[in-house]
Undergrad: 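The structure follows.
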Amino acid sequence: MHLIIFGAPGVGKGTQAKMISKNFLIPQVSTGDMLREAVKNETELGKLAQSYMKKGHLVPDDLILKIIKERCLKSDCYSGYILDGFPRTIPQAEGLAQLMIDMQLPPFTLVEVIVPDNIIIERLTGRKTCESCGADYNKLNNPAPADNICTVCGGNITTRQDDNEKTIKNRLNVYREQTTPVKHFYQERGKFISINGNQSVDQVYQSIVNKINQLDESEQTH
Ligand code: AMP
């Protein structure tokens, strides 16, 4: 299964990608997580990426395409994967289309998750994230423990540097201007489903699975 989980920052892409990864046994390939790891380890990529990430801007396409190609060639990606946070621009979508041809991959299904902006801002300003495993906590419905030790992996829970109101607004503008065209790219060329993300985590997950199954069934009957 080759999926893209798509939507504005804060719609729950990472949470859903983790659930899909666990239940369908395919890896979650998150460009945001890979970049944060590079920043933490102070690699060349991390040093280049940090200034863009801090402001909520996009990291240049050539750097992103390079890390995606390297990651997707790894053996755990052999029977599929879920892309989280990529592609975010038309050149990235075109790069992925070329990769599909080069690696003879089946078409990706783009799963769009939609949440109103006011809910996104509320979610992201109250979000804390585990530095080690990326688990998300939220003061609204899943508060972090008082000691900020992750209940999933024992890692350190912190607030992401880009989860402040000014940077969140930048990220939403960048999404509107540079990333939404990617949705039309897949609506015209590929497989596309849209989900209401303003429901409980389990309801969103179930909606995604139902719509993927419906898409598979309709393809089999055509
Ligand atoms: P995320 O964790 O997906 O919200 O990504 C956090 C930040 O990493 C973004 O605001 C960008 O600065 C950078 N980033 C992640 N994925 C990409 C991508 N596909 N293209 C460009 N920049 C990205």
Side-chain angles (χ1 to χ4, degrees), residues 3-18 20-21 27-72 81-99 108 110-115 117 119-121 123-138 157-183 185-186 197:
L3 293 180
I4 298 166
I5 188 115
F6 185 84
V11 297
K13 297 189 296 292
T15 303
Q16 295 300 325
K18 282 186 185 60
I20 295 168
S21 165
Q28 171 194 10
V29 174
S30 158
T31 42
D33 285 350
M34 288 191 276
L35 292 169
R36 276 184 289 278
E37 187 66 20
V39 170
K40 197 166 93 186
N41 296 332
E42 298 180 8
T43 65
E44 276 312 304
L45 168 69
K47 285 179 200 155
L48 283 168
Q50 193 172 28
S51 57
Y52 297 94
M53 295 171 77
K54 259 203 306 217
K55 295 186 200 127
H57 295 162
L58 294 183
V59 173
D61 291 329
D62 55 339
L63 292 178
I64 297 292
L65 282 165
K66 186 165 177 281
I67 60 171
I68 279 288
K69 278 182 198 156
E70 282 169 10
R71 179 65 187 89
C72 295
Y81 41 92
I82 172 156
L83 292 170
D84 166 10
F86 173 90
R88 256 174 155 103
T89 62
I90 291 293
Q92 291 181 19
E94 287 167 347
L96 180 62
Q98 188 57 49
L99 194 69
F108 280 80
L110 187 134
V111 180
E112 180 195 29
V113 183
I114 300 175
V115 172
D117 277 8
I119 307 281
I120 288 180
I121 292 170
R123 280 187 188 179
L124 289 184
T125 48
R127 174 163 86 168
K128 285 186 169 189
T129 309
C130 172
E131 286 176 347
S132 303
C133 72
D136 274 345
Y137 296 85
N138 201 296
I157 300 170
T158 55
T159 299
R160 266 173 53 171
Q161 217 178 15
D162 55 356
D163 277 347
N164 61 75
E165 200 155 340
K166 181 164 178 263
T167 312
I168 292 166
K169 287 193 173 145
N170 267 344
R171 287 157 67 201
L172 289 174
N173 283 338
V174 165
Y175 175 75
R176 241 173 256 118
E177 284 162 20
Q178 299 185 55
T179 307
T180 42
V182 172
K183 166 178 159 176
F185 184 95
Y186 281 90

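Whatever order the structure lists ligands and atoms in, that order sets their numbers, starting from 1. The chain is numbered in sequence order, starting from 1.
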Undergrad: Mind checking what residues have non-hydrogen atoms under 4.0 angstrom from ligand 1?
TA: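 Residues within 4.0 Å of ligand 1: T31, G32, L35, R36, M53, H57, L58, V59, I64, G85, F86, R88, Q92, R160, D162, R171.
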Undergrad: Mind checking what makes side-chain contact (heavy atoms from CB on, under 4.5 Å) contact with D162, not counting sequence neighbours?
TA: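 Listed in chain order: R160, T167, R171.
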Undergrad: Does any non-hydrogen side-chain atom of I121 lie less than 4.5 Å from one of K169?
TA: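 Of all side-chain heavy-atom pairs linking I121 with K169, at least one is under 4.5 Å.
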Undergrad: Mark yes when over 12 heavy atoms from residues, nucleotides or ligands other than E42 sit less than 6.0 Å from its CD; otherwise mark no.
TA: no
Undergrad: For residues 46-59, which residue pairs pass the salt bridge (charged side-chain N to carboxylate O under 4.0 Å, His left out) check, not counting sequence neighbours?
TA: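 Sorted result for residues 46-59: E44-K47.
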Undergrad: What I want to find out is whether E131 reaches K40 closely enough, with some N-O distance under 4.0 Å, to be called a salt bridge.
TA: no
Undergrad: Checking P181 now: which residues fulfil side-chain contact (heavy atoms from CB on, under 4.5 Å) with it, not counting sequence neighbours?
TA: I90
